[in-house]
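Working notes, beginning with the structure itself.
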Protein chains: 2
Amino acid sequence: MASTARYHHGDLHATLLQEANRLLNEQGIEGLSLRKLAERAGVSRTAPYHHFKDKNALLCALATQAFGQLDEMIQRQLERGAKENIQDFVREYLRYATEHPEQYELMFGRTLWKSGQPSDELKAVAYRSFRHYAEGLGRLLQGRLPANTDPLRVAQASWATIHGLCRLVIDGIYVNRVDMEAVSEQAVALIMAALKPAKND
Amino acid sequence: MASTARYHHGDLHATLLQEANRLLNEQGIEGLSLRKLAERAGVSRTAPYHHFKDKNALLCALATQAFGQLDEMIQRQLERGAKENIQDFVREYLRYATEHPEQYELMFGRTLWKSGQPSDELKAVAYRSFRHYAEGLGRLLQGRLPANTDPLRVAQASWATIHGLCRLVIDGIYVNRVDMEAVSEQAVALIMAALKPAKND
DNA sequence: TATCTAATTTTGACACTGTCAAGATCAATC
DNA sequence: GATTGATCTTGACAGTGTCAAAATTAGATA
């Protein structure tokens, strides 16, 4: 029962996911190799293959976990229909992305969506997250959108804005963490300026 | 003088860049290996190292080239200060990105900006492109921005939107090529709605 | 023209990666 | 107590980027 080396690990599946997350945070996706991971879990190179079909499957499981957290945050942040908490939501989203840059990269990066093959589970939770966002945003903007404005398109466009900002910041291209907030506030302010005033304003 | 196999290639530097671009288009960044590239150029595995310090340097050169094209497009599209050609610009940008998805990934992806090290040249042309965009956009929106609106922030925010949309489409996440145009039109329309009318409207 | 030098290219090697096949070990069931 | 199936290991292979040392050649120098 002691944790001394024994042939069967006991709960390798969970340990792999846990250590993979640690490795991801420490060394990024590029540094996350199955061999390093196996070594950390105290197991041989090919042991993980009995718990995950291949590396892609393991990464999908990781990303699915992370999407669960993001989804939870989205719902928590948008559920209570406060007046002007779009700004709060954006702030929270940016905070999540910049505090978990490697998971964010994994969730939305081409590693899974383009090079690899996103699992059905991953696609499901990803689309569900977006749906929750679209629904929540729709509730917040209800009755305030100009004519000829499709709420779905607004959701897609605004997500693209937030997402693009996250990527520019995370990858360190045009925007840094200091400016990020100012940029996002400007973006939200511009959109709000295009809206009709809320009833309780 | 004939193209039969000879020890010295002649212009390996240019050939490498050319073949690298082909390989990039055919197999994506993941499929672009120095060894495949060398084989295509008809040269041994390590020959490229006498023309590029390492793989990172070669990719930087590729990305720098591509940024040159993008920059040229940006200037061409924004220089003539037409009335409502923001929509045209966005359309053109999206077209470039979706027609050159692999180069776009290389230009803005983490391969160079995060994992690797972007060369000074690459950073220079990347920032110059953004500056040209910001200047061009500033010209188009001159006098039409609401009070308390920093043109730089607007440029960053709008670039983030376009960029985010490109990535979502290219990586095939929330938006597909068909919806892309509708989403971008919605985004532009929202921003335009927040602007003061132009003088010559 | 002959020689030297420096640029260019090659071969060999190393560490690292993901993954397959075959065998070893163990837990639980019949 | 024997068997079965899950779990883990060892060995192997092809592929990667990159370094060191040797080979080849073009161009400058004498």
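In what follows, chains are A, B, ... by sequence order, proteins preceding strands, each numbered from 1. Everything numeric in this text was worked out from a predicted model, so none of it was measured. Note that these values count all heavy atoms, side chains included, but never hydrogens, waters or copies made by symmetry.
- Whole-Å rounding puts the B/Glu39 CD to C/dT10 C1' distance at 15 Å.
- In this model, the phosphate group of D/dA6 is not approached by any side-chain N or O of A/His51 to a distance below 4.0 Å at OP1 or OP2.
- Counting non-hydrogen atoms of neighbouring residues, nucleotides and ligands closer than 6.0 angstrom, the CD atom of A/Gln27 exceeds 12 such neighbours.
- In this structure, CG of A/Leu37 is placed 17 Å from P of C/dC16, rounded to the nearest angstrom.
- In this structure, A/Tyr104 and A/His163 have tilted ring planes: the angle between them lies in the 30° to 60° band.
- Scanning for salt bridge (charged side-chain N to carboxylate O under 4.0 Å, His left out) contacts around A/Glu102 gives B/Arg110, with sequence neighbours left out.
- The nearest whole Å value for the distance from the NE2 atom in A/His50 to the C1' atom in C/dT19 is 12 Å.
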I'd like a list of close polar pairs between nucleotides 13-18 of chain D and the protein, N/O only, cut-off under 3.5 Å.
unit_1, atom_1, unit_2, atom_2, d
D/dT16, OP1, B/Ser33, OG, 2.9
D/dG17, OP1, B/Leu34, N, 3.0
D/dG17, OP1, B/Lys55, NZ, 2.9
D/dG17, OP2, B/Leu34, N, 3.1
D/dG17, N7, B/Arg35, NH1, 2.4
D/dG17, O6, B/Arg35, NH1, 3.0
D/dT18, OP2, B/Tyr49, OH, 2.9
D/dT18, OP2, B/Lys55, N, 3.0
D/dT18, O5', B/Tyr49, OH, 3.2
D/dT18, O4, B/Arg35, NH1, 3.4

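- The line from CG of A/Leu16 to CG of A/Asp11 is 9.5 Å long, rounded to the nearest 0.5 Å.
- When atom types are taken as modelled, the side chain of B/Asn56 and the backbone of B/Gln117 share a donor-acceptor pair closer than 3.5 angstrom.
- Within 6.0 Å of CD in A/Glu30 there are more than 12 heavy atoms belonging to other residues, nucleotides or ligands.
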